[in-house]
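All chains are named by letter (A, B, ...) in the order of the sequence lines, taking the proteins before the strands, and each is independently numbered beginning at 1.
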Amino acid sequence: MVNIQALRGMQDLLPEQKEIFRFIEAKARQVFECYGYQEMGMPVLEATHLFKRAVGDGTDLIEKEMYTFDDRNGDSITLRPEGTAGCIRVAEQHGLLFNQIQRLWYHGPMFRYERPQKGRYRQFEQIGVECFGMPGADIDAEILLLCARLWRELGIDKDITLELNSLGSAEARVKYRTVLVEYLTSVKDQLDEDSQRRITSNPLRVFDSKVPQTQQLLRHAPLLKDYLDDESKQHFQQLCEQLDKCDIAYQLNPYIVRGLDYYNRTVFEWVTSSLGAQGTVCAGGRYDGLVAQIGGKGTPGVGFALGLDRIALMLQAKFEHANAADIYVVSNGEGARQQALWVAENVRNALPQRKIVVHCGAGKFKAQLKRADASEAKLALILGETEVTNGTIGVKFLRDDREQISVNVADLNDILNRFFS
RNA sequence: GUGGGCGUAGCUCAGUCGGUAGAGCUCCGGAUUGUGAUUCCGGCGGUCGUGGGUUCAAACCCCAUCGUCCACCCCA
């Protein structure tokens with residue numbers, strides 16, 4: 001046992017859980033398609049420097065969370081820790097961004113070497129959406145509308161709230177950053193240890209500190225919104241108006257700072273209180289400078305990623321009987337056993353949407369019916385020696401108060417069709 | 001990377017002061033020779049996470065290690 005465990009932080013998805021993931025993916029696909037977004041795929045492995053260049057060298061993600069190792073030829077490669085960089089690489093490499101507009105989405109595993117926790121795994125499933133070539137606030141609003149619709153489809157809209165902020169232009173942010181660093185440095189010895197460290201690593205993050213004394217000091221800190229450039233202010237205002245118009249509730253949170261360096265202007269998080277400390281279920285924002293930073297021609301972009309694992313945790317309680325069968329076929333005796341598979345095939349031809357399970361292998365008749373009951377099937381089809389010789393099949397209603405009936409093989413599909421319609 | 005909780009049957013867990021391991025559920029068989037509730041009876045099932053130490057004796061105490069959970073950090 002000891003040697004065959006999953007690697008630390010890697011989740012095994014049992015059928016019950018996988019069902020939830022499939023549900024989320026299906027809903028996402030349906031919603032994204034109805035907004036005209038196109039699915040794409042990309043490799044799990046990329047050159048290490050792609051992520052370094054895109055995400056920012058000083059970030060925790062780059063410094064200590066990447067699965068990086070040497071390829072056999074000595075090149076440094078990395079299991080993708082996020083999707084945006086790779087998506088841009090694909091789009092650039094195949095010319096999707098040259099004077100074009102794109103609405104793209106993808107899904108798949110991401111990898112970060114972190115300490116596992118509820119809702120946080122080393123391999124985690126993410127759905128990403130990226131839009132290119134649209135500088136206006138309308139596309140920012142669109143992806144938020146798209147998110148909101150997805151939450152409604154998933155039935156979790158009541159449990160999630162939207163938090164919004166604007167980081168301004170890159171220039172405004174740099175200007176603000178220096179002012180903030182100045183202020184923080186002036187009170188440095190009164191700050192907690194983490195916050196002191198963050199002055200150099202990511203000063204905006206200091207606002208996230210939970211230490212009361214630090215929070216006290218932050219009250220007098222300069223605020224980002226006072227440093228926003230006019231265009232960014234206008235952009236943000238348009239976004240808010242658009243959301244108001246479409247009845248999307250949101251909360252302004254001046255302290256949202258995405259962990260990755262590439263964001264500008266709009267940033268947002270969809271959060272829930274139902275998952276403990278890992279409450280962010282979906283997050284994203286605008287990254288107008290990123291494409292150029294990776295090496296392409298400057299193209300505006302907005303996007304977000306949602307954490308499938310976390311949403312799956314939220315949905316868990318609602319998935320009790322997702323794998324129920326419709327029909328369970330039991331048989332008694334050698335001849336009947338052979339007949340059973342054949343009968344089931346014919347039924348599947350006639351009712352391809354139905355889940356039909358045939359009892360295979362050994363098993364007493366009584367035990368087979370117990371299995372039928374446990375499968376949550378509505379009907380049991382019964383094949384015994386009597387049925388085989390008479391050319392009939394027993395149809396037993398497992399969930400209704402009805403007598404078992406005996407039908408001719410030739411009439412079976414009609415009867416089943418009527419029952420399930 | 002830091003701090004804390006927890007690892008006992010397939011699952012959920014009990015196990016007193018250290019005295020050599022138990023229940024419920026599941027599964028299998030029977031009561032009922034071909035009919036799924038319930039009930040009753042019987043059965044399968046254990047390296048007590050792993051390795052070391054203390055002891056006449058360790059699931060229990062000590063050390064290490066792995067895993068897991070929670071929080072920090074960080075983030076989806």
Residue A/Lys64, side-chain atoms from C-beta onward, closest of B/A37, B/C73, B/A76: B/C73
Result block: side-chain N/O donor-acceptor pairs under 3.5 angstrom for residues 336-347 of chain A, not counting sequence neighbours:
| unit_1 | atom_1 | unit_2 | atom_2 | d |
| --- | --- | --- | --- | --- |
| A/Arg337 | NH1 | A/Gly361 | O | 2.9 |
| A/Glu345 | OE2 | A/Arg348 | NH1 | 2.8 |

Residue list, side chain to side chain donor-acceptor pair (under 3.5 Å) with A/Arg149, at least two apart or on another chain: A/Tyr35
Cation over ring face, A/Arg112 and A/Phe124, 6.0 Å, 45°: no
B/C6 and B/G45, which share atom name P, separated by this distance in whole Å: 31 Å
Listed nucleotide nearest any side-chain atom of A/Gln117, set B/C70, B/A76, B/G34: B/C70
Stems formed with participation of RNA chain B [Watson-Crick or G-U wobble, under 3.5 Å, three or more pairs]: B:1-7 with B:66-72, B:10-13 with B:22-25, B:27-31 with B:39-43, B:49-53 with B:61-65
Euclidean distance, atom CG of residue A/Asn332 to atom P of B/G36 [Å, nearest integer]: 13 Å
Nucleotides 25-31 of chain B: protein proximity per nucleotide (B base, S sugar-phosphate only, - neither; heavy atom, under 4.0 Å): --SSSS-
Donor-acceptor pair present, A/Glu114 side chain and B/G1 base, under 3.5 Å: no
Integer angstrom distance from the C1' of B/A14 to that of B/G24: 10 Å
Sole residue of A/Phe32, A/Tyr37, A/Phe304 in ring pair (Phe, Tyr, Trp, His ring centres under 6.0 Å) with A/Trp105: A/Phe32
C1' gap between B/G10 and B/G4, integer Å: 30 Å
Nearest-neighbour nucleotide for the A/Pro116 side chain, B/C69, B/A76, B/A37 considered: B/C69
Heavy-atom closest pair, residues A/Ser76 and A/Thr68: OG-CG2, 3.3 Å
Polar pair under 3.5 Å, donor/acceptor by atom type, side chain A/Gln404, base B/U35: yes
Residue pairs, two or more places apart or on separate chains, that pass side-chain hydrogen bond (donor to acceptor under 3.5 Å, both in side chains) and touch residues 392-416 of chain A: A/Asp373-A/Arg399
Within residues 356-369 of chain A or reaching into it, pairs that qualify as side-chain hydrogen bond (donor to acceptor under 3.5 Å, both in side chains) - sequence neighbours excluded: A/Tyr328-A/His359
Interatomic distance at C1', B/G49 relative to B/A59, whole Å: 12 Å
Sugar-phosphate only, base, or nothing, as touched by A/Ile311 at under 4.0 Å among non-hydrogen atoms: nothing
Sugar-phosphate only, base, or nothing, as touched by A/Gly394 at under 4.0 Å among non-hydrogen atoms: nothing
Between B/G36 (P) and A/Lys396 (NZ): distance, integer Å: 7 Å
Within 6.0 angstrom of A/Gln117 CD, more than 12 heavy atoms from elsewhere: yes
Sugar-phosphate, base or nothing in reach of A/Arg399, heavy atoms under 4.0 Å: base
Interatomic distance, A/Arg198 CZ vs B/G1 P [rounded to whole Å]: 19 Å
Distance in angstrom units between A/Leu204 CG and B/C74 C1', rounded: 16 Å
Mutual orientation of the aromatic rings belonging to A/Phe111 and A/Tyr67 [parallel < 30°, tilted 30-60°, perpendicular > 60°]: perpendicular
Touch class at under 4.0 angstrom, heavy-atom based, for A/Glu82 against every strand present: nothing
Nearest-neighbour nucleotide for the A/Arg197 side chain, B/G4, B/C74, B/G36 considered: B/C74
Between B/U16 and B/C62 - P atom distance, rounded Å: 15 Å
Touch class at under 4.0 angstrom, heavy-atom based, for A/Phe397 against every strand present: base
Parallel, tilted or perpendicular: ring planes of A/Tyr263 versus A/Tyr287, cut at 30 and 60 degrees: perpendicular
Closest listed nucleotide, where the reference is the side chain of A/Gln126 and the choices are B/A76, B/A71, B/G34: B/A76
Separation of atom OH in A/Tyr263 from atom P in B/C75, rounded to whole Å: 11 Å
Closest to side chain of A/Arg112, choosing from B/C75, B/A71, B/C74: B/C75
Which residue lies more 5' along RNA chain B, comparing A/Cys282 with A/Leu275 via nearest heavy atoms: A/Leu275
Greater than 12 external heavy atoms within 6.0 Å of A/Lys52's NZ: no
Residue whose nearest RNA chain B nucleotide is more 5′ - A/Ala377 or A/Lys118: A/Ala377
Side chain A/Arg120 and base B/C73 donor-acceptor under 3.5 Å: yes
Ring pair (Phe, Tyr, Trp, His ring centres under 6.0 Å) between A/Phe268 and A/Tyr250, intermediate numbers included: CA-CA 10 Å; A/Phe268 61 85; A/Tyr250 56 89; over 10 Å; no
Between P of B/C75 and CE of A/Met110, the distance in whole Å: 16 Å
P-based separation of B/C25 from B/C40 [nearest Å]: 9 Å
Touch class at under 4.0 angstrom, heavy-atom based, for A/Gly83 against every strand present: nothing
Sugar-phosphate only, base, or nothing, as touched by A/Gln11 at under 4.0 Å among non-hydrogen atoms: nothing
Atom-to-atom span, CG of A/Leu369 to P of B/U33 - whole angstrom: 14 Å
Euclidean distance, atom CD of residue A/Gln123 to atom P of B/A76 [Å, nearest integer]: 17 Å
Shortest non-hydrogen contact between A/Ala172 and A/Tyr227, atoms and distance: CB-O, 3.4 Å
Sugar-phosphate only, base, or nothing, as touched by A/Tyr328 at under 4.0 Å among non-hydrogen atoms: nothing
No-H, no-angle donor-acceptor pair, A/Arg310 side chain to B/C75 base, under 3.5 Å: yes
B/C61 and B/G67, which share atom name C1', separated by this distance in whole Å: 22 Å
C1' atoms of B/G51 and B/G15, separation to the nearest Å: 24 Å
